[in-house]
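Heads up: the structure comes next, in structure tokens.
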Amino acid sequence: MTYLFIAHDLSMVKYISDRIGVMHYGRMLEIASSDEIYAHPLHDYTASLLSAVPVPDPEYERARQQIPYDSSQEFDGKPRQLVEIVPHHWVRASEDEIPMYKERARKHSLLKD
């Protein structure tokens, strides 16, 4: 059975979803398993969203740094499409951004050399 669940509450989405698609301005930016998205976000927007999720720990919350996101990169005129960076982990990228995303995956040990 498949459900399409659309939400803005990322703290809840993780617990009811096997796979997550992150959208911005009506475009899918990243698709992966929920565990993969939360542990190893590759797109800057996904990382920014996750950095804003509150954690029920006052010490952590005092020190938490939210990651800013500059959406101007989405409007730079480069054609972008969803690219499978590692198996089952897709990111919307231009041809020249693919190596950057593969390097991020390598740093997360998702992609072998």
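Atoms considered below: every heavy atom in the structure, side chains included; atoms not considered: hydrogens, waters and symmetry mates.
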Let me confirm one number: the CG-OG distance from Asp70 to Ser48, rounded to the nearest 0.5 Å. 10.5 Å
Intermediate values then yes/no, side-chain hydrogen bond (donor to acceptor under 3.5 Å, both in side chains), Thr46 and Glu30: CA-CA 7 Å; Thr46 306; Glu30 188 164 4; 2.7 Å; yes
Measure the spacing between OG of Ser17 and OH of Tyr38 and express it to the nearest 0.5 Å. 7.5 Å
For Ser33 and Arg19, work out which heavy atoms get closest and say how close. N-NH1, 3.6 Å
Under a single-linkage definition using a 4.5 Å side-chain heavy-atom cutoff for Ile, Leu, Val, Met, Phe, Trp and Tyr, are Leu50 and Ile16 assigned to the same hydrophobic cluster? yes
From CG (Leu82) to CH2 (Trp90), nearest 0.5 Å: 7.5 Å
Check: Leu4 and Thr2 side chains under 4.5 Å, non-hydrogen atoms: no
Between Asp57 and Glu61, is any pair of side-chain heavy atoms under 4.5 Å apart? no
CG on Leu49 to NE2 on His43, rounded to 0.5 Å: 10.5 Å
Within a reach of under 6.0 Å around CG of Asp76, are more than 12 heavy atoms found that belong to other residues, nucleotides or ligands? yes
Got a salt bridge between Arg80 and Glu97, using NZ or NE/NH1/NH2 to carboxylate O under 4.0 Å? yes
Quick check: do Val86 and His88 have side-chain heavy atoms less than 4.5 Å from each other? no
Audit row: Val55, Val53, side-chain contact (heavy atoms from CB on, under 4.5 Å) steps and yes/no: CA-CA 7 Å; Val55 175; Val53 174; 5.6 Å; no
What about Phe75 and Tyr69, same hydrophobic cluster or not, with Ile/Leu/Val/Met/Phe/Trp/Tyr joined at side-chain heavy-atom distances under 4.5 Å? no
Does a side-chain heavy-atom distance below 4.5 Å link Val13 with Phe5? yes
Give the table of side-chain donor-acceptor pairs shorter than 3.5 Å for residues 20-29, with sequence neighbours excluded, one pair per line with atom names and distance.
unit_1 : atom_1 : unit_2 : atom_2 : d
His24  : ND1    : Glu74  : OE1    : 3.3
His24  : ND1    : Glu74  : OE2    : 2.6

Between Pro41 and Ala39 the two heavy atoms that sit nearest each other are CD-C, 3.7 Å
Nearest 0.5 Å, please: how far is OH in Tyr45 from CD1 in Ile67? 13.0 Å
Going from CG on Leu42 to CZ on Arg92, what distance comes out if it is rounded to the nearest 0.5 angstrom? 16.0 Å
Salt-bridge test for Asp44 and Arg104: reply yes if a basic N is under 4.0 Å from a carboxylate O, no otherwise. yes
Would you find more than 12 non-hydrogen atoms of other residues, nucleotides or ligands less than 6.0 Å from Gln73 atom CD? yes
Within-4.5 Å side-chain heavy-atom neighbours: Lys14 and Asp35: yes
